[in-house]
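Values below: every heavy atom of this structure, side chains too, minus hydrogens, waters and symmetry copies. Source: prediction; values computed, not measured.
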There are 2 protein chains.
Amino acid sequence: MALQTFSTEDWTVHEGRFWVNFFNTLSGARTPVLIGTEDAQGTSNLGLFNSLVHLGATPPLLGFILRPTTVPRHTYNNLKASGSYTINHVSKSILDQAHQTSAKYEESESEFKATGLDEEWIEGSSAPFVKQSPIKLGMQFREEHLVLNGTRLIVGEVTSVMLDEATIKDDGSIDLVANQAVSVSGLYRYHDLKFLEQKDYARPTSDSRS
Amino acid sequence: MALQTFSTEDWTVHEGRFWVNFFNTLSGARTPVLIGTEDAQGTSNLGLFNSLVHLGATPPLLGFILRPTTVPRHTYNNLKASGSYTINHVSKSILDQAHQTSAKYEESESEFKATGLDEEWIEGSSAPFVKQSPIKLGMQFREEHLVLNGTRLIVGEVTSVMLDEATIKDDGSIDLVANQAVSVSGLYRYHDLKFLEQKDYARPTSDSRS
């Protein structure tokens, strides 16, 4: 298969959204999540993110990427003010509503109400969970890192996890397929996940030592 | 469906690798990539990473997470010294070899030779690409951010992309399924991607304005 090469000269010539979509999909596909927060006026907010990354298990830390705050970012303002947010996995059954939360709603308008997703509150959390989500995380904000282009890495600690215990494997791994997980590349292309295989911890083979 | 709740008291009691696997899979599934570098002695290195994130399109920036440098991290040392690295998508046909690169090889041993993947060199790059990979990116290191638990966000700029042009959609999106993309959750659970649907840019509906 002959591959074509693209380089800086190609994408400095802008062609509408072409290169934006290209680079948004270049990093591969990942599980989309809804991040829930509440502002000081009691208005709840839900934002769709596709940049969740594992940072460590002890303590459990997760990161996600926030776009530049040159336009109002309700999620950012709320989680900085309250210190709390929730992360809710998007499953196939709530995909339409989850995607719809990415529309630009007014600050006074809750994406929950606008899309028909239900708020769920648990003791000790000051941010709303998504009732219909199969895997829900309570998070405490820990730190942020400003990247050279104005995006931010937001780092938080997991304080609680709600999920169906039956979908946890003996080794502790969560079965995403059993949780109806989807995967998104860029902002618009959604995929189904099909389990392929569980690999073992890799060790150098005797071959490679010869 | 009744969900169970887990919280800090549950995971501070360690049970082998249980909670490590739990938190490694909690962030969902994503496309694994091989990062290629070369050290000053001319030994090539390949490392398997599952934390690639899109940071921006203008200029094109990608990030990935490096674990704490308390043990030698060849990828980190090499890319800091040379400024160059490559990112190579893992497709189904090279999954076994890609996973095998995660074995702990000696610094003097190239994961290319050890696993049977072939080096590919292009003009202007001082890091090796993976010949068998369907989507290959030439990268320049830009900056790093040290996270509170010792992990690092490595930020790089895309300087070249090699892929089959026929897999780029009219809007610029890359068709990952046509590139035989796989998806990994945690370190061991691999999935196939099946295209589900392409959504549109979401707008507030008249319903939600009532």
query = Relative to chain A, which of B/H89, B/R142, B/R67 shows the most heavy atom pairs under 4.5 Å?
reply = B/H89
ask   = Side chains of B/S126 and B/S84: do they bring a donor and an acceptor to under 3.5 Å?
value = yes
task = Could you check B/F6 against A/L163 for side chain to side chain contact (heavy atoms under 4.5 Å, CB included), going step by step and ending with a plain yes or no?
result = CA-CA 8 Å; B/F6 301 91; A/L163 83 170; 3.5 Å; yes
request  = Using modelled atom types only, decide if a donor and an acceptor are shared between the side chain of B/N88 and the backbone of B/V130 within a distance under 3.5 Å.
outcome  = yes
Qualifying residues under side chain to side chain donor-acceptor pair (under 3.5 Å), relative to A/E165, sequence neighbours excluded = none
key: Side chain, backbone, both or neither of B/I65 within contact of chain A (heavy atoms, under 4.5 Å)   = side chain
remark   = Max heavy-atom pairs within cutoff under 4.5 Å with chain B, candidates A/R203, A/K92, A/E111, A/E9, goes to A/R203
message = Using salt bridge (charged side-chain N to carboxylate O under 4.0 Å, His left out), reason through B/D175 and B/K169 one step at a time and then give a plain yes or no.
response = CA-CA 7 Å; B/D175 182 342; B/K169 299 290 187 184; 3.7 Å; yes
Between NZ on residue A/K113 and CD on residue A/E119, distance to nearest 0.5 Å = 6.5 Å
key: Option in B/T159, B/T8, B/V20 with maximal non-hydrogen atom pairs under 4.5 Å from chain A   = B/T159
task = Side chain from CB out, backbone as N, CA, C, O: work out which of these in B/I174 comes under 4.5 Å of a heavy atom of chain A, or both, or neither.
result = both
inquiry  = Check the orientation of A/F22 and A/F18. Use parallel for under 30°, tilted for 30 to 60°, and perpendicular for over 60°.
reply    = parallel
Segment of B/L193 engaging chain A (4.5 angstrom heavy-atom cut-off) = both
query = Do we see a donor-acceptor contact under 3.5 Å between the side chains of B/S173 and A/T25?
reply = no
query = Any sub-3.5 Å donor-acceptor pair from B/D192's side-chain atoms to A/L196's backbone N or O?
reply = no
query = Can any side-chain N or O of B/T86 pair as donor or acceptor with the backbone N or O of B/P128 at less than 3.5 Å?
reply = yes
message = Between A/S125 and A/I122 (side chain of the first, backbone of the second, donor and acceptor by atom type, cut-off under 3.5 Å), is there such a pair?
response = no
query = Do you know which of A/L176, A/T12, A/L26, A/I168 has the most heavy-atom pairs under 4.5 Å to chain B?
reply = A/L26
task = Pull out the residues in residues 145-157 of chain B that come under 4.5 Å of chain A, heavy atom to heavy atom, sorted by number.
result = B/H145, B/L146, B/V147, B/L148, B/N149, B/T151, B/L153, B/V155
key: Short side-chain donor-acceptor distance under 3.5 Å, A/H74 and A/Y105   = no
request  = Using ring-ring contact (aromatic ring centres under 6.0 Å, His included) as the criterion, list what pairs up with B/F112, not counting sequence neighbours.
outcome  = none
ask   = Looking at A/T5, A/N21, A/L187, which one has more heavy-atom pairs under 4.5 Å with chain B than the rest?
value = A/N21
inquiry  = Out of B/Y188, B/F195, B/F23, B/Y201, return the one with the most heavy atom pairs under 4.5 angstrom to chain A.
reply    = B/Y188
inquiry  = Heavy-atom cut-off 4.5 Å, strictly under: side chain, backbone, both or neither for B/R189 against chain A?
reply    = both
query = Which pair of heavy atoms, one from B/K136 and one from B/S133, lies closest together, and at what distance?
reply = CE-O, 2.9 Å
key: Toward chain A, the part of B/D96 with a non-hydrogen atom under 4.5 Å   = both
task = Output the residues of residues 47-63 of chain A for which the shortest heavy-atom distance to chain B is under 4.5 Å, in residue-number order; output 'none' if no such residue exists.
result = A/S51, A/L52, A/V53, A/H54, A/L55, A/G56, A/A57, A/T58, A/P60, A/L61, A/L62
remark   = For B/W11 and A/V158 the tightest heavy-atom approach is CZ2-O, 3.3 Å
ask   = So what's closer than 4.5 Å to chain A heavy atoms on B/A181: side chain, backbone, both or neither?
value = neither
request  = Among the options B/S102, B/S183, B/S27, pick out the one with the most heavy-atom pairs lying under 4.5 Å from chain A.
outcome  = B/S27
note = Of A/S160, A/G124, A/A29, A/P32, the largest count of non-hydrogen pairs under 4.5 angstrom with chain B goes to A/A29
request  = Any chance you could measure B/Q100, atom CD, to B/L117, atom CG, to the nearest 0.5 Å?
outcome  = 10.5 Å
